2 protein chains.
Amino acid sequence: MSMVDSKQHPDTRKRILDAAEALFVEHGFEATSMRMITGRAGVNLASVNYHFGSKEALIQEVFRRRLAWLNHERLRALDRAEAGAKGAPLKPHQIVEAFFGVSLRMAADTERGGHTFMRLLGRTYTEPTAFVRQFLADEYAAVVPRFKQALFRSLPDVPPEEILWRFHFMLGAMSYAIAGTDALQLVAEYEMDEKDPGALARRLMPFLLGGLRAPLAEQPVKKEKGSRKVA
Amino acid sequence: MSMVDSKQHPDTRKRILDAAEALFVEHGFEATSMRMITGRAGVNLASVNYHFGSKEALIQEVFRRRLAWLNHERLRALDRAEAGAKGAPLKPHQIVEAFFGVSLRMAADTERGGHTFMRLLGRTYTEPTAFVRQFLADEYAAVVPRFKQALFRSLPDVPPEEILWRFHFMLGAMSYAIAGTDALQLVAEYEMDEKDPGALARRLMPFLLGGLRAPLAEQPVKKEKGSRKVA
DNA sequence: GCTCGTTTCAAACGATCGTTTTAATGATAC
DNA sequence: GTATCATTAAAACGATCGTTTGAAACGAGC
């Protein structure tokens, strides 16, 4: 078939990954068939199993190729901030910037597919499939403890438990802001200013920091009597 | 032809809806087959199509039967707060409590399936399927404008655009807090205090209000030349 | 008893799924 | 040229999908 392509090695792998990424975010994993992927990529159906082994392995590779870089950048940003602090605890906004700033910059990159991937990643945080959850946990295993410790040092007066819950909430707000479909039509009329890649960050960052530093609830969350057994 | 309600044998319908709800939140819509649903419900395979017409219609009914009550309660809570204010603008925390408090109380109900449903709903906010998105938009059409207006009155000094974005973020934080899988293993060690139904609310509410009332970014989000027009 | 409308049942429908198979193709080294 | 290797191609595999069918079972009214 001599169509427009027919170069010697039109990197089949990359075409499959790009097509799969776009289709996964558009339809979800289950609703995206191999034939949709290969059709969009312009490659043969069997090439997915040839290059990746299975659909499951393809899904993992879609994440791996971008998540490795993303988490590497997060650690680099944290390293840089800590180097500048010379042993002093970081300010909360520095930690939040290191973690979420990298995500938001990637989400603002519509040229090389970063935006598509971050939407996919955000949606995957609520993905029930077991092997995807396990894969994410592994990919984040090196990043999360570093940020945990930085936050504990940064907010010594806040119970660690509370800090982690608020980080949890922040992750949710960001994921939804990137991946959410605005199902309630809340910001539908404003969503057109996508041209400015930093717009979302300038809206979201104050919100995240406001939530993180909000005063604690007067009433303690849980009052447990005797048992304190959990290992 | 059977109409909308009032069957003498509501057993099969309810069993199907309960089974579908639990399986949808566990595996997602696409990955949940009719045979899984009917198998769990202990009914015949054909009964789903008999009682609901199609899988798509079943999905909509799973949402409709709970969402109608949920949004009704939200409006009731807002009505009560506004009646008590006697025409004065509400405090932000009252509006947030009216909207998210109802959700969190339903999410705390593990007895009658409210918890399962809220997890499903939270995950559906990032669901790409078109007909589900459209359905959600319709179900919320009566609720959103009321809360919008209450927030605008409550925060007259904050640009409406900013208010809506922050409401958007709050919805994301809550959805993820309920539906999220803690993929980063952030709060995995603490998640066992599910017994206290108000624990999540006492953690989340201060976070939400802190984000809502956070100081605006110094730099305006968008620098537009002439107009400042959006109604 | 019988009738009639509703609900349940087992079985099958065609379509599509992920995967496998087997052959053809292309490039490289001898 | 031939041999070798990696890649692509077309076709088919069995399994499972949502849905439909036609008959059996049930219950209320007479």
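Model, not experiment: these values are computed from the prediction. Just so you know, these numbers use all the heavy atoms, side chains as well, and skip hydrogens, waters and symmetry mates. In what follows, every chain begins at residue 1, and chains take the letters A, B, ... in the order their sequences are listed.
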Could you state the atom-to-atom distance from CD of B:Glu30 to P of D:dT16 in whole Å?
18 Å
In whole angstroms, the gap separating P of C:dT6 from CG of B:Asn49 amounts to 18 Å
In this structure, is the centre-to-centre distance between the rings of A:His72 and A:Trp69 below 6.0 Å?
no
In whole angstroms, how far is the P atom of C:dT19 from the CE atom of A:Met34?
5 Å
Tell me: CG of B:Leu58 to P of D:dC17, nearest whole Å?
15 Å
Scan B:Thr32 against the nucleic acid and name what it touches under 4.0 Å (heavy atoms): base, sugar-phosphate only, or nothing.
sugar-phosphate
So, OP1 or OP2 of C:dT6: does either fall under 4.0 Å of a side-chain N or O from B:His51?
no
A:Leu17 side, atom CG; A:Arg64 side, atom CZ - distance, nearest 0.5 Å:
9.0 Å
With a cut-off of under 6.0 Å to the ring centre and 45° to the axis, is B:Arg166 in cation-pi contact with A:Phe207?
no
With a cut-off of less than 4.0 Å, is there a side-chain N or O of B:Ser33 near OP1 or OP2 of D:dC17?
yes
Going by an N to O cut-off under 4.0 Å, is there a salt bridge joining A:Glu162 and B:Arg202?
no
Return the nearest nucleotide to the side chain of B:Lys55; candidates are D:dG18, C:dC17, C:dT6.
D:dG18
Considering only C:dT20, C:dT8, D:dA9, which nucleotide approaches the side chain of A:Asn44 most closely?
D:dA9
A:Tyr50 side chain, from C-beta outward: closest of C:dT20, C:dA10, D:dA6
D:dA6
Measure from CD1 on A:Ile37 to P on C:dG18 and round the result to the nearest Å.
7 Å
Kindly say if B:Thr12 contacts the phosphate of C:dT8, meaning a side-chain N or O under 4.0 Å from OP1 or OP2.
yes
In the structure I gave you, are the side-chain heavy atoms of B:Arg123 and B:Met118 within less than 4.5 Å of one another anywhere?
no
Once you round it to whole Å, what is the distance between C1' of D:dT7 and CG of A:Asp11?
12 Å
Integer-rounded Å distance: C:dT8 P and B:Arg13 CZ:
11 Å
Residue whose closest nucleotide on DNA chain C lies nearer the 5' end, A:Met36 versus A:Gly53
A:Met36
Rounded to whole Å, how long is the line connecting atom CZ of B:Phe29 with atom C1' of D:dC17?
17 Å
Quick one: which of D:dA12, D:dT21, D:dT19 gets closest to the side chain of A:Arg35?
D:dA12
